[in-house]
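Take a look at the structure set out below.
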Amino acid sequence: MLLTLSACPPFSLRAIIGSHGWVQLAPFAADPQATLLTRVERLESGRVVELHIREARGGVAVEVRDSLTGAEREEVSRKVWWMLGLGEDLSPFYTLARQEPHLAHVEPQALGRILRSPTLFEDAVKVILTTNTAWSGTQRMVEALVTRYGDPLPTNPARNAFPTPAQIAASDEETLRTIGLGYRAPSILSLARRVAEGSLDLEALKRDSLPTPEIHRRLLAIPGIGHYAAACLLMLIGRYDHLPVDSNAYRMVSQEWYGGRPVSRSEIEAQFEHWGDWKGLAYWFWAWSRED
DNA sequence: GGTAGACCTGGACGC
DNA sequence: GCGTCCAGGTCTACC
């Protein structure tokens, strides 16, 4: 079964695949040339399918090697549309970026969209698992969660879908610690249980009607999510007015503008303040003079 | 508002 | 092989 979806131009699937490390985290995968994005996905019907996403004229083609019902086709379209930000219009950002040599590359390369998970729950879990660990640790922890709790793909049981909140919620803190989540285990378990029981509606935070400060406040109230993680999640729902300041930001900003001396968080914020609603994207895609 | 220390793990390094 | 040190962001206590 093949679905075609159009995107707001300019569009590049390769740019989205390379936008950050999400493609390296299960159940995403891509080919070395970044022309094919795959993902094992559990549909609301309970079926587990593999999505094969390629760039097509004006958007993407999504192949699923199973026949889907009408509702399942609609669900796949909706999820891919969100994951790739197909409806996102970044023209105001590009207008500003044209004036900045360090961002002159973004529009020609169609940079700006950031690969997302279908649910904010999955993105929140993954963001928590990026904190206070090396990237290899994040990959190991996500792999452990997906392998242990996610439903297997029938045609290849070695690959699993990302677990639902209920699947993680049914576990316990000790088991989550055992599979390598360490001190993050209670945060992940608490998040899964609150989403599963309905006391925390993360998907509601994607709605346009909520002001960014309110979404930011609600994200910070989640155990395990601090300023960095909240800013990352805001970026992932298309709100770019917060900077995800991590240890790398301190190094890069120090080298870029302060001659290598230690900088404070407020000095980092000051360098991107004039980008207003687009400061997150400006920071994310900035062509640093010195890459470490 | 800023700072210090605990949390946990893997990797690098020295012996 | 073993022990030590370090990196990474959040949270809490404290100033």
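Note on naming: letters A, B, ... go to the chains in the order of the sequence lines (proteins, then strands), and numbering restarts at 1 for each one.
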Exercise for review: Give a yes/no answer on whether the side chain of A:S247 brings an N or O atom under 4.0 Å of OP1 or OP2 in C:dA7.
Suggested key: no
Check your understanding: If you look at every strand shown and take non-hydrogen atoms under 4.0 Å, does A:L220 touch a base, only sugar-phosphate, or nothing?
Key -> nothing
Check your understanding: Is the closest side-chain heavy-atom distance between A:R251 and A:E256 below 4.5 Å?
Key -> no
Exercise for review: Output yes when a side-chain donor or acceptor of A:E75 lies under 3.5 Å from a complementary backbone atom of A:E44, and no otherwise.
Suggested key: yes
Exercise for review: Quick one: label A:T133 by what it contacts on the DNA or RNA (base, sugar-phosphate, nothing), any heavy atom closer than 4.0 Å.
Suggested key: base
Review point. Crowded around A:R261 CZ? As in, over 12 foreign heavy atoms under 6.0 Å?
Key: yes
Review point. Does the separation of the ring centres of A:W257 and A:F272 fall below 6.0 angstrom?
Key: yes
Exercise for review: Give me the first and last nucleotide of DNA chain B, going 5' to 3', that has any atom under 4.0 Å from a heavy atom of chain A.
Suggested key: B:dC7 to B:dG10
Practice item. Would you verify whether the NZ or CZ of A:R116 falls within 45 degrees of the ring axis of A:W22 while also being under 6.0 Å from that six-membered ring's centre? Key: no
Practice item. With DNA chain B as reference, determine whether A:T178 or A:S266 sits nearer its 5' end, using the nearest nucleotide of each. Key: A:S266
Review point. Parallel, tilted or perpendicular: which fits the ring planes of A:H242 and A:H216, with parallel below 30° and perpendicular above 60°?
Key: tilted
**Study point:** Contacting residues from residues 229-242 of chain A, given that a heavy atom lies under 4.0 angstrom of DNA chain C
**Key:** A:A229
Practice item. Rounded to the nearest angstrom, tell me the gap between atom OH in A:Y228 and atom P in C:dG9. Key: 7 Å
Point to revise | Check: A:W284 ring centroid to A:Y240 ring centroid under 6.0 Å | key: no
Exercise for review: Mind checking A:G137 for me? I need base, sugar-phosphate or nothing, with any heavy atom below 4.0 Å counting as a touch.
Suggested key: nothing
Revision key, fill the gap. When the rotation axes relating C1' atoms of four end pairs to the next four are compared across the helix from B:dG1-C:dC15 to B:dC15-C:dG1, five pairs an end, they differ to 10° by 40°
Check your understanding: With a 3.5 Å cut-off and no angle check, do the side chains of A:S199 and A:E197 form a donor-acceptor pair?
Key -> yes
Check your understanding: A:I225 near the nucleic acid: base, sugar-phosphate alone, or nothing, with a heavy-atom cut-off under 4.0 Å?
Key -> sugar-phosphate
